[in-house]
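One structure is given below, encoded as structure tokens.
So you know, we letter chains A, B, ... as the sequences are listed, proteins then strands, and number each from 1. None of these values were measured; they are calculated from a predicted model.
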Amino acid sequence: MSGRRATFLFLVLVLAVLVMLTGQVRGEDRRHLGPLGTGILTALAPAQTVMARAADALSQGWQLYTEIGRLRVENARLREEVQRLTREVSRLRESAQAAQRLEALLAFKEQAPYRVLAARVIGRDPASWFATIVVDRGSGDGVVRGNPVVTAEGAVGRVMETTPFTARVLLLSDPRSAVGVILQGSREVGVVEGNGQGDLLIKYLSRASAVRSGDVVITSGQGGVFPRGLVIGRLNTIRPAQGAAVFREGTVRPAVDLSRLEEVLVLLPEGGPRH
Amino acid sequence: MVAVVVGLILLSELVHSVWLVRFPLWGQVADPAIPLIVAVALRRPGWGPAVGLGAGLLQDLLFGGSVGLLALAKLVVGHVAGVLGRTVLVDQPLLPWASTALATVLQQGVLAAVLAVTGLLPVSSAAFGLPLLGQVVLNMLAVWPAFAAVRWLWRGPRMPGSRERYRAV
């Protein structure tokens, strides 16, 4: 096509479009499709619909993808929040339990006719055959070897060694421990020894006595370590002693859970420093 | 070949009216018809006005304006691109981008002139500022697919235009 002919054709087309445009401008809506335009739009509508649906599907997929990412971040944040709140609840529960224990100790301290020193358990014996704990009070606080150690529920043990800042307590459950006791109901006298396990051993009970399971076992005050009347536990089982015809022996369930001690009271002799 | 070009224009306008309008950048939407008209007109200068007119009419139908407005603007673009195709070496690497940018500006100018003359819409000089720049950038993003499609369509060696003697770029 030559340039002149192309220019002529162009001008004809321009003229035609201008005529069409003029007709449009005069119309009410300034737009008139006519049957041809309507037909073309009708023919294109299905393709437009399909493409729009495809775009919608892609858009929804993208939104879902970004939503998943957002939810992942939100989930991580919420998990962190749950962990923080769990730690907080645990800490508060711990504080509440500690407060309850300390209240009980305080009540005991006010009732007991001894000078008492509150101590926190800071160490335990890792060996299973010995039963000792370490408390955060030592000779600097007036603690000396032999001081009884108790809780509000009953006797725990006695101090076996001290440093200026700590003391090691021999628990009732240690095999090296022996405490003179009286059965509160029958007034029968015996000796409670540790065996390294949960229950304590009670020995040298008279065969003729009428001891019963469940009888409360308290310290007798003999031996010079524990004052009289501290609760040791309850008589659990009773049987004839092996190889000794005149005695019986049995087990005592300690009044204090010796494996879960956290705060204790050290009973001090009168005349020492007051706390 | 005519059917393929018509199909290309239809496809580009469907993509334009359904998909690209969903992703406006700087308030503008890419118009793939402009690089397509330019690409066809540079390769086949005689086809420029017809392709421009067809694409413009299709846009007028698919969009809500007066029928003939975009048709006139794109008719002018197709004709000028055809003139360019007859007078310059069209295989120069920057020509597609430069001619598409010029075509976009030309279309905007024609539209503004027609709107001003007919009083269809108030015309502001702001339409030639950043919006036009954004439109140019967006249209240039469509240069590569449009020219690649036309190159694929006319894979044979190109005959030089009858008056082709200038190097535009």
Checking B:Leu62 against chain A: side chain, backbone, both or neither under 4.5 Å from a heavy atom? both
Heavy-atom distance under 4.5 Å between the side chains of B:His79 and A:Thr7, does that happen here? yes
Show the nearest heavy-atom pair for residues B:Gly68 and A:Met20, with the distance to one decimal. CA-CE, 4.0 Å
Given heavy-atom pairs under 4.5 angstrom as the criterion, report whether the side chain, backbone, both or neither of B:Val114 touches chain A. side chain
So, the part of A:Leu41 with a heavy atom under 4.5 Å from chain B: the answer is side chain
Residue A:Arg168 excluded, over 12 heavy atoms near CZ under 6.0 Å: yes
Decide side-chain contact (heavy atoms from CB on, under 4.5 Å) for B:Arg22 and A:Asp56; before the verdict, give the C-alpha distance in whole Å, the side-chain angles of both, and the deciding distance to 0.1 Å. CA-CA 10 Å; B:Arg22 292 170 182 247; A:Asp56 287 341; 2.8 Å; yes
Region of A:Leu58 that comes under 4.5 Å of a non-hydrogen atom in chain B: neither
Answer with side chain, backbone, both or neither: which region of B:Leu53 has an atom nearer than 4.5 Å to a non-hydrogen atom of chain A? side chain
With respect to chain A, which residue among B:Leu58, B:Leu61, B:Asp60 yields the maximal number of heavy-atom pairs within a distance under 4.5 Å? B:Leu61
More than 12 foreign heavy atoms under 6.0 Å from CZ of B:Phe63: is that the case here? yes
Heavy-atom count around A:Glu81 CD within 6.0 Å, excluding the residue itself: above 12? yes
How close do B:Ser17 and A:Gln48 get, heavy atom to heavy atom, and via which atoms? OG-NE2, 3.7 Å
B:Leu57 CG to A:Ile40 CD1 distance, which is reported to the nearest 0.5 Å: 8.0 Å
